[in-house]
J.: 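Let me give you the structure first, and then I'll get to my questions.
One is the number of the first residue; the rest follow in order along the sequence.
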Amino acid sequence: RNHLNNFAKTYEHRYTYEKINQDNIHDVIAYVQNLAIDDETLAYEKNGIIKVLEHLDELEAKGGLIKIDGKIEAFLIASVLSDRMIQENIEKSNHKINGLVQMLIKEFFSSEYQTYIYLNREDDMGKDNLRQSKLSYQPCHLIPKYYINFYD
């Protein structure tokens, strides 16, 4: 909550939330194309995200974004996993902006998917910052993670 309150106070009249639609999807694709890539896996991820965005109207998914001072700083895409659960498929944000992800999640899920009980934020990919962020939401259940080494 502290991150969320800090963001709201700092960017109160400077941020806007929008649903991803045909009017802004090309801006979201441009945002993804400009993401920094520091390894080969992220290059594949970036290409995959662009494909999802290019076909978002064909998928049973919804997206939302936050702009600060008119510039996209974060977006997410989510879809229905079951009759009680939503899964967050894609989330990208400017990590330098404190509370941005929390505000994006709040805005998105208060305008979309209001009748669902659970949110699956998916895998943290072994990254400590993602794991810490996801654990801060006090999950009701964690699925054990296993790694398979094919090179031994």
J.: Could you tell me whether the side chain of Leu35 reaches within less than 4.5 Å of the side chain of Val32, counting heavy atoms only?
T.: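 Sidechains of Leu35 and Val32: in contact.
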J.: Are more than 12 heavy atoms, taken from residues, nucleotides or ligands other than Glu58, located less than 6.0 Å from that residue's CD atom?
T.: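 Counting neighbours around CD of Glu58, more than 12 heavy atoms of other residues, nucleotides or ligands fall under 6.0 Å, so yes.
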J.: If you look at every heavy atom in Phe109 and Glu88, which pair is closest and at what distance?
T.: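 Smallest heavy-atom distance, with atoms named: CE1-OE1, 4.5 Å.
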J.: Under 3.5 Å, is there a donor-acceptor pair between the side chain of Ser110 and the main chain of Glu107?
T.: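 Answer holds: yes.
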J.: Looking at Gln33 and Lys46, what are the two nearest heavy atoms and their distance?
T.: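 Closest pair (atom of Gln33, atom of Lys46, distance): O-NZ, 2.7 Å.
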J.: For Lys62 and Phe108, which heavy atoms make the closest approach, and how far apart are they?
T.: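 Distance-wise, the nearest heavy atoms are O-CZ, 3.6 Å.
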J.: Rounded to the nearest 0.5 Å, what separates atom CG in Leu65 from atom NZ in Lys19?
T.: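 One gets 12.0 Å once the value is rounded to the nearest 0.5 Å.
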J.: Report yes if some heavy atom in the side chain of Tyr15 is under 4.5 Å from a heavy atom in the side chain of Met103; otherwise report no.
T.: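 Side-chain contact under 4.5 Å: yes.
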J.: Kindly say whether Asn21 contributes a backbone atom to a donor-acceptor pair with the side chain of Asn24 at under 3.5 angstrom?
T.: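 Judged by distance alone, yes, a pair lies under 3.5 Å.
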J.: Could you tell me the separation between the CG atom of Leu56 and the CD1 atom of Ile20, rounded to the nearest 0.5 Å?
T.: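 If we round to the nearest 0.5 Å, Leu56:CG and Ile20:CD1 are 6.5 Å apart.
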J.: Taking all non-hydrogen atoms of both residues, which atom of Gly64 and which atom of Leu104 are closest, and how far apart?
T.: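 What the structure gives for the nearest pair is O-CD1, 3.9 Å.
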J.: Check side-chain contact (heavy atoms from CB on, under 4.5 Å) between Asn98 and all other residues, then give those that pass, not counting sequence neighbours.
T.: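 Result, side-chain contact (heavy atoms from CB on, under 4.5 Å) vs Asn98: His3, Asn6.
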J.: What closest approach, in Å, do Val28 and Leu53 show between heavy atoms, and which atom pair accounts for it?
T.: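 Closest approach of Val28 to Leu53, heavy atoms only: CG1-CD1, 3.7 Å.
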J.: Is there a path of hydrophobic side-chain contacts, each under 4.5 Å between heavy atoms of I, L, V, M, F, W or Y residues, that connects Leu59 with Ile25?
T.: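 Shared cluster, yes.
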J.: Considering non-hydrogen atoms only, spot the tightest contact between Tyr116 and Arg84 and give its length.
T.: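 Closest pair (atom of Tyr116, atom of Arg84, distance): CD2-C, 3.7 Å.
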J.: Supply the atom-to-atom distance Lys67 NZ to Asp27 CG, rounded to the nearest 0.5 angstrom.
T.: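 Going from NZ on Lys67 over to CG on Asp27, the span is 5.5 Å.
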J.: Distance under 6.0 Å and angle within 45° of the ring axis: does Lys92 meet both against Tyr31?
T.: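 No, cation not above the ring by the 6.0 Å, 45° rule.
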J.: Below 3.5 Å, can you tabulate the donor-acceptor pairs from side chains in residues 69-81 to any protein atom, sequence neighbours excluded?
T.:
{"unit_1": "Asp69", "atom_1": "OD1", "unit_2": "Arg14", "atom_2": "NE", "d": "3.0"}
{"unit_1": "Asp69", "atom_1": "OD2", "unit_2": "Arg14", "atom_2": "NE", "d": "3.2"}
{"unit_1": "Asp69", "atom_1": "OD2", "unit_2": "Arg14", "atom_2": "NH2", "d": "2.6"}
{"unit_1": "Glu73", "atom_1": "OE1", "unit_2": "Asn94", "atom_2": "ND2", "d": "3.0"}
{"unit_1": "Ser79", "atom_1": "OG", "unit_2": "Gln87", "atom_2": "NE2", "d": "3.3"}
{"unit_1": "Ser79", "atom_1": "OG", "unit_2": "Asn89", "atom_2": "OD1", "d": "3.0"}

